[in-house]
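Notes follow once the structure below has been shown.
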Amino acid sequence: MDKFLVNKSMNLKGKVRVSGAKNAALPILAASILAGDEVILEDVPRLRDIEIMEDILTTLGADFEFIEENKLRIDTSRVENKDIGYELTSQMRASTLIMGPLLARFGNAKISLPGGCTIGTRPIDLHLKGFRALGVDCDVHNGYIEAHSEGLVGQKIYLDFPSVGATENIIMAATLAEGETILDNAAMEPEIVDLSNFLNKMGADVKGAGTPTIRIKGVEKLGKASHQIIPDRIEAGTFMVAAAMTDGDIELENIITSHIKPVIAKLKEMGATVEENGSHIRVKGTSEPKATDIKTMPHPGFPTDMQAQFMAFMNIIDGTSVVIETIFENRFRIVDEFKRMGADIKIDGRTAIVQGVEELTGSEVKATDLRAGAALILAGLVAEGETIVDDIYHIDRGYENIEEKFKALGANIKRVSV
Ligand code: EPZ
């Protein structure tokens, strides 16, 4: 099992290029099933989650080949409809995103229920509600979802919650349905806009992505396309917090600043300097950061995937900071790990009250999920003494070359295999 050894590294400095977004690449890889032809994708991050999606697509019969480090060629002309078992879906919840494309292309799908994960039960009731509205019979038997239809028909669908995955799955299912689908209270994340742009390049007719109402007009067929994945706003935010909390000066390349407005606003509130310059952002820290509060919300609100990273920073800011997590029911597991490092945090339901402490002390901690793992690295960068971060396979799921990128900024971080 790999671990990260992290030692105090103040004043991080230098440049880092942000990788393509994992949460855009995953639905777009699933959508390649709809092409029934070759697609070329650029800026695909080399991550464990992408490898799992590769296993799923090759199991279905796709040709999947990285022709350059981050340039991927997929040919789904020989894809057949097969059951996807628990050994694949249990590794990654996003495996459910192949349901929409399989239903659109073949009219039915059978995949194992992915199960929950450490941040919550992660139900897919809204995905199934959307499929049923499109005329799909969905039943759960022996841990599998069995979905059958005689052909999907467009429908008006209201999402009780703007679920990212449900929005993506329903859009993909509706692309080849008969007639028009109107999806209301849809999620507005930038990754949904990227998926919609890719689908339209393949010949789909999707309008309104990025707004609460998305209209999908069914078409006869989709075909080949090429597309560049948008930058990863959460990876970018993670390095921006690293600059702020180490009182550093970091320039990020390959970024779309409109995707991370809440992160920029909060860092400025906390005293950091943020200079936006096209596809570059420069973040400088301050020696006297100010406590602030965050409340996670669906986009364009503050992203839940940045909550743990900001809590890492709040631990060392004089005063009281309040974190309210409204998206996932169990996304405070990192608090126990921060407490091992000397943090002073009290949890009351979905609210965490963080009292700043003079300093954190390095200790052995465990990554409880992908973003918590990144947050523990950040805490290790400011702690006195060595921090050993365990279970870093979580981090490798969503951050490409994270230790190389941090080392290039002057961080004292080392991966060890034990
Ligand atoms: C996506 O997960 C992201 N993953 C998550 O990123 C992200 O945290 C989340 O959106 C919220 O922004 C990918 O895009 C691969 P949701 P998703 O459906 O689609 C409830 C990371 O770190 N819900 O918007 O699963 C659900 O329980 C990961 O990269 C239902 O109740 O998120 C949760 O409380 C972590 N029924 C809330 O909605 C459903 O049918 C948000 O879930 C679906 C969701």
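In each ligand, atom 1 is the first atom listed, and ligand 1 is the first ligand listed. On a predicted model such as this, the values are computed, not experimentally measured, just so you know.
The atoms of ligand 1 that sit less than 4.0 Å from any heavy atom of Phe161 are 37 (C), 38 (O), 41 (C). Atom numbering of ligand 1 starts at 1 in the shown order; those under 4.0 Å from a heavy atom of Lys22 are 21 (C), 29 (O). Within ligand 1, the atoms closer than 4.0 Å to a non-hydrogen atom of Phe328 are 8 (O), 9 (C), 33 (C), 34 (O), numbered from 1 in the order shown. Of all atoms in ligand 1, listed by their number and element, those nearer than 4.0 Å to a heavy atom of Ile124 are 39 (C), 40 (O).
Donor-acceptor pairing under 3.5 Å is recorded for the side chains of Thr304 and Glu325.
Relative to atom 39 (C) of ligand 1, the option among Gly165, Ala308, Ser163, Pro123 with the closest non-hydrogen atom is Pro123. Comparing Asp305, Asp125, Thr326 by heavy-atom distance to atom 28 (C) of ligand 1, the nearest is Asp305.
By the criterion of a heavy-atom distance under 4.0 Å, both the backbone and the side chain of Ile327 are placed next to ligand 1. Under 4.0 angstrom from ligand 1, the non-hydrogen atoms of Arg331 all belong to its side chain. Contact annotation for Leu126 and ligand 1: heavy atoms of both the backbone and the side chain come within less than 4.0 Å of the ligand. Under 4.0 Å from ligand 1, heavy atoms of His127 appear from its side chain as well as its backbone.
Salt-bridge check for Lys366 with Glu337: failed, with every basic side-chain N at 4.0 Å or more from each acidic carboxylate O. Between Arg233 and Asp305 there is no salt bridge, since no side-chain N of the basic residue sits under 4.0 Å from a carboxylate O of the acidic one.
When each of Glu68, Glu69, Glu54, Glu51 is checked for a salt bridge (Lys or Arg N to Asp or Glu O under 4.0 Å) with Arg46, only Glu69 meets the rule.
No close placement of the Tyr144 and Tyr86 rings is indicated, their centers lying 6.0 Å or farther apart.
Minimum heavy-atom separation, Thr238 to Leu378: O-CD2, 4.0 Å.
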